[in-house]
Amino acid sequence: MTGTEERTSAESLEPGGYAAARLRLLTEGARTGPPRRAALAELTDDWLAGLFTAGAGRPQGISGISLVAVGGYGRGELSPRSDLDLLLLHDGSDPTAVAALADRLWYPVWDLGLDLDHSVRTLAEARRTAGEDLKVQLGLLDARHLAGDLGLTAGLRTAVLADWRNQAPKRLPELKELCDERAERQGELRFLLEPDLKEARGGLRDATALRAVAASWLADAPREGLAEARRTLLDVRDALHLSTGRATDRLALQEQDQVAAELGLLDADVLLRQVYEAAGVISYAADVTWREVGRVLRSRAVRPRLRAMLGGGKQVAERSPLAEGVVEQDGEVVLARAARPERDPVLPLRAAAAAAQAGLPLSPYAVRRLAAAARPLPTPWPAEAREELVTLLGSGRPTVEVWEALEAEGLISRLLPDWERVRCRPQRNAVHIWTVDRHLIETAVRAAALTRHVHRPDLLLVGALLHDIGKGWPGDHSVAGEIIAKDVATRIGFDAEDAAVLAALVRHHLLLVDTATRRDLDDPATVRSVADAVGTQGTLELLHALTEADALATGPAAWSSWRGSLVADLVRRVGALLAGDLPDEPAPTAPTAEQERLAIEAFRTGGPVLALRARSEPVSTEETPGAPEPLGVELLIAVPDQSAVLPAVAGVLAVHRLTVRTAELRTLRLPQDVNDGDGDGSVLLLDWRVAAEYGSLPEAARLRADLVRALDGSLDIGGRLAERDAAYPRRRGLLAPPPRVTVAPAASHHATVIEVRAQDAPGLLHRIGMALEKAGVRVRSMHVSTLGANAVDAFYVTTGAGEPLPEQDAGSVARVLEETLRAP
C-alpha cells in the first residue's frame with residue numbers, strides 16, 4: 001500500500017475523513033470505471049465498518065449482529081451518486097442494542113448527504129420479506145458482508161440463494177412480468193434520445209435480472225459481450241453523476257456533450273452509439289435468456305406426464321426440417337446435424353430466411369456456429385443468396401428478431417459491410433422513433449405488406465433496406481446513399497438495370513412526400529419535375545410503395561391519411577404524364593360544394609365566412625385494423641381577395657391557441673353569373689387542419705368576429721401575442737437549430753416557391769405572413785405541414801402583377817424572411 005493510500009484509509013475513519021477521501025477519489029481522475037467504483041466501495045466499506053465497530057462498543061468478537069451491503073453496493077459497484085443499500089442483520093437477542101447501533105450507523109450517513117436505503121431485520125424476517133417482495137429478494141442475492149458476525153451473513157446468503165433456487169419456477173415468471181412492465185413504461189434504451197440507463201429495456205435493471213436468472217440455475221444468459229456492455233452503461237452513469245452533480249440515471253439531451261467529454265469521447269452521437277450498442281447486447285441476452293427460461297419451465301411441466309405415458313423413458317427432441325441444413329427443434333431454428341457451414345456460404349441467409357418464414361427464433365448457438373465457421377459469400381453473390389435475403393426481408397414482423405440475432409454475432413456487417421456505419425446510429429429528430437439501422441429494418445417490415453402492390457417486390461424490399469444507408473456518411477444522405485446502393489446491389493448480384501433502379505429509389509426516396517406536401521400539384525412544372533426524376537412507371541410504382549413504408553416506419557407523425565392521399569394524387573398525375581396523358585396546362589381543381597357555398601357567401605357579404613368541422617377517416621394499420629384516424633378539426637375560410645389575409649387568419653388562430661397542422665391557400669374565381677360583373681370575383685379559400693393547444697375549440701362565431709377585426713386593423717394581434725408570451729414564458733429546453741429559408745429553383749413556371757423550415761411555435765405562420773406582406777409579394781398558394789416540432793412550409797408567391805419574382809428579388813425576400821424568423 002502506498003503512503004497516499006495509507007493516509008486515505010486512516011483519514012476515512014476520522015470524523016469528516018471519509019468525505020474528504022471520497023472527494024479526492026472522485027476528482028483526482030487517476031482512476032475511472034471499474035477501478036474507481038471498486039475503490040469507492042472499498043473506502044465506504046472501511047468507513048462503515050469503523051462506524052459499526054465503534055457503535056457496537058465491542059471491537060473484538062462481535063456476534064449476533066452484522067452489517068450487510070445489498071444491491072449494487074453489495075456487488076462492490078458504487079457510482080459517484082449511488083445510494084447505499086444496507087441491511088443490519090441480527091439474531092433478535094437484544095433489540096434495544098440493535099436499535100441504538102442502527103442510529104449510530106444511519107445518522108452519520110445522512111449527515112454527509114448520502115442517499116441511504118436501509119433496513120433492520122432478523123434472518124427470518126429477511127427471508128420472509130424477500131418472499132413477499134421480489135425487489136428485496138433481488139437485492140439480497142448480492143448480499144456482501146461488511147462488518148460484525150460473518151457467520152450470520154453467510155447464513156443469510158446461503159438461505160436466500162436456496163430460497164431463490166427452490167422458488168425459481170414461481171419467481172422467474174414474476175420477474176419476467178416485472179421486466180416487461182418496466183419496458184412498457186420506460187421504452188427501449190437503444191432507441192431513446194434521452195434514455196434512462198437503469199430502468200429502460202436493455203439497461204442496468206435488465207442486466208441485474210439476468211444475474212438473478214443465472215443464480216437460479218435454470219438458465220444462463222449469453223456471456224459474449226455482456227460484462228462489457230454492463231460496464232459501458234455503468235461508466236456512462238458515473239460520468240453523468242459527475243457532470244451533473246446529481247443522482248440521476250436519465251441521459252438528458254442537454255447533458256450528453258458534457259458526459260461525452262467526461263468519458264473522452266468525440267461528441268454526443270458517439271456517446272449515444274456506445275450506449276445503444278451496450279443496450280442492444282443486454283436486450284438480446286434478455287430475449288435469449290427469457291426464451292430459455294420459458295422452454296425449461298414448459299419442459300418441467302410436461303415431463304412428469306410424458307414419463308408416465310412413456311414408462312419413464314427419456315424423450316428425444318423432435319427435429320422438423322425447414323430448409324437445406326436447417327431444422328426446427330424445441331421451438332427454435334437450429335442447424336441440421338449434417339449441416340456444414342464451412343462448406344456452405346449461403347447457410348446463414350438460408351437459416352435466417354427459414355426462421356423468419358416460420359416465425360421462429362434463431363438458436364443463439366446456431367448463430368454463433370455460423371459466425372465462427374461460415375465462409376464469406378463470393379462477389380457477386382450467387383442467386384440463391386440474393387433470394388434468401390429477399391425472403392428474409394419479406395417475412396414481415398419476424399424479420400426483426402432474426403435480423404437482431406444475426407447482428408448480435410456480427411454476421412450482418414460481414415454480409416453488408418456498409419451496415420457498420422449505420423448500426424446503432426442515433427437520429428436526432430423527434431419524428432424518428434428508431435435508430436438508423438432499426439428504422440431500415442422496420443421499413444422492410446412495412447414494405448413486406450406492400451409487395452402485392454408492385455411488380456418487383458425484390459427491388460422494393462432491398463430498396464427499403466438501403467434507402468437511408470447514406471446516413472453513415474457526411475453530406476446529403478440521399479446522394480451518398482445512391483452510390484452505396486448501386487455498389488451493394490451489384491455486390492449482391494443484381495444486374496446493371498436493377499442496380500440503377502435501386503440507386504434511383506434511394507436517391508429519390510423523399511421526393512414524393514416532399515413534393516406532395518410542399519408543392520402545388522396543379523402546376524405542370526411540379527409534376528414534370530417528378531416525372532423527369534423517376535423516369536419510368538415501374539420506378540414510380542416502387543417509389544410510391546417505398547414512400548409509404550418509409551413514413552410508416554419513421555413514426556406516427558410522419559404519415560396520415562392526408563399525406564397518403566396527397567402522395568397518391570401526385571403519383572396519379574406523374575403516371576399520367578409518363579403515359580402521355582397529362583396536358584401541359586393544369587386543369588382547375590373544382591371546389592367542393594361547401595367551398596363554393598362559402599365563397600359565394602363571402603363575396604356577397606364582403607366579409608369572411610368560415611366553418612369548423614371535426615374530421616376522421618377510416619384507415620387500416622397493423623396495430624388497429626379499420627380504426628378511424630383522427631385528422632383534427634377542419635377549418636374552412638372564404639375571404640374576398642384582399643391583402644394581409646394570411647397573417648390575419650394565422651394571427652387569430654394563434655390568439656385563440658389553435659395549432660395549425662396543415663394549411664392550404666388558393667384563389668377561387670367565381671363564375672360571371674355570381675359576381676354580376678362586380679370586380680373579378682376572386683375569393684381566397686383557406687382549408688386548414690387545426691387543433692386546440694389545450695381545452696376546447698373556440699366557437700366559430702368568436703373566430704369570425706376576431707377575423708373581421710384583424711382584417712380591418714382593429715385587433716392588435718402582435719400585441720396580444722406579446723402579452724401572452726410575457727405572461728407565460730417558455731420553458732428552457734433543447735436549443736432548436738436556426739430557421740432556414742430558401743428559394744426552390746425551377747419549382748414552378750407560374751410562381752416563385754419559397755420554402756421555410758423552422759421550429760414550430762405559436763404565431764409562427766403569423767410572423768411569416770407579416771414578413772411576406774411587408775415584402776410586397778402576393779401569396780398565390782401555400783402548403784404548410786408540421787412534423788413533430790418542425791414546421792415545413794412552402795409559399796408560392798408572385799409580384800402584384802401575378803408573375804414569378806425576379807431571381808434577385810426572390811433571394812432578397814428569402815433573406816429578409818429568414819432574418820425575421822431568427823430575431824427573438
Side-chain angles (χ1 to χ4, degrees), residues 218-226 280-281 283-299 302 314-379 381-417 419 423 441 444 461 465 492-493:
L218 278 186
D220 197 6
R223 297 299 182 94
E224 189 69 30
L226 188 58
V281 171
S283 291
Y284 175 69
D287 288 341
V288 171
T289 302
W290 288 119
R291 195 163 67 236
E292 179 65 11
V293 168
R295 189 190 65 78
V296 171
L297 293 180
R298 286 192 302 273
S299 174
V302 172
K314 183 178 180 181
Q315 182 190 11
V316 178
E318 184 180 349
R319 297 166 69 89
S320 304
L322 294 175
E324 180 66 30
V326 185
V327 299
E328 174 191 353
Q329 178 179 313
D330 283 342
E332 290 185 328
V333 173
V334 301
L335 300 185
R337 294 187 180 93
R340 295 293 180 267
E342 64 277 3
R343 301 178 186 174
D344 186 357
V346 182
L347 186 56
L349 283 171
R350 191 186 308 123
Q357 285 285 296
L360 295 171
L362 261 176
S363 161
Y365 308 105
V367 181
R368 198 167 300 130
R369 184 182 170 197
L370 289 169
R375 292 189 296 113
L377 283 164
T379 303
W381 288 8
E384 183 196 358
R386 186 175 67 255
E387 290 164 4
E388 297 291 3
L389 174 64
V390 170
T391 301
L392 170 61
L393 296 176
S395 299
R397 189 58 54 192
T399 299
V400 177
E401 184 177 355
V402 174
W403 191 273
E404 289 177 350
L406 298 178
E407 271 209 288
E409 296 296 336
L411 278 167
I412 296 299
S413 294
R414 282 164 54 180
L415 290 167
L416 302 169
W419 191 261
R423 186 174 61 83
I441 296 304
L461 293 167
L465 179 70
I492 66 179

Starting at [atom1] of [X], measure out to [atom2] of [Y] and round the result to the nearest 0.5 Å.
X: Gln329; Y: Leu360; atom1: CD; atom2: CG; value: 12.0 Å
X: Thr391; Y: Arg386; atom1: OG1; atom2: CZ; value: 11.0 Å
X: Arg369; Y: Ser363; atom1: CZ; atom2: OG; value: 11.0 Å
X: Glu387; Y: Leu349; atom1: CD; atom2: CG; value: 11.5 Å
X: Leu393; Y: Ile441; atom1: CG; atom2: CD1; value: 6.5 Å
X: Glu404; Y: Ile412; atom1: CD; atom2: CD1; value: 10.5 Å

What is the minimum heavy-atom distance between [X] and [Y], and which atoms define it?
X: Val333; Y: Ala366; value: O-CB, 4.1 Å
X: Gly325; Y: Ala339; value: O-CB, 3.6 Å
X: Leu362; Y: Ala351; value: CD2-O, 4.0 Å
X: Pro345; Y: Pro376; value: CB-O, 3.8 Å
X: Val402; Y: Ala355; value: CG2-CB, 3.9 Å
X: Tyr284; Y: Pro364; value: OH-CB, 3.6 Å

Does the side chain of [X] reach to within under 4.5 Å of the side chain of [Y], using non-hydrogen atoms?
X: Leu406; Y: Leu370; answer: no
X: Val326; Y: Leu347; answer: yes
X: Leu465; Y: Leu416; answer: yes
X: Trp419; Y: Glu407; answer: yes
X: Val346; Y: Glu388; answer: yes

Side chain of [X], backbone of [Y]: donor and acceptor closer than 3.5 Å?
X: Arg350; Y: Glu324; value: yes
X: Arg319; Y: Val327; value: no
X: Ser299; Y: Arg295; value: no
X: Thr399; Y: Leu392; value: yes

Greater than 12 external heavy atoms within 6.0 Å of Arg375's CZ: yes
NZ/NE/NH1/NH2 to OD/OE distance under 4.0 Å, Arg291 and Glu332: yes
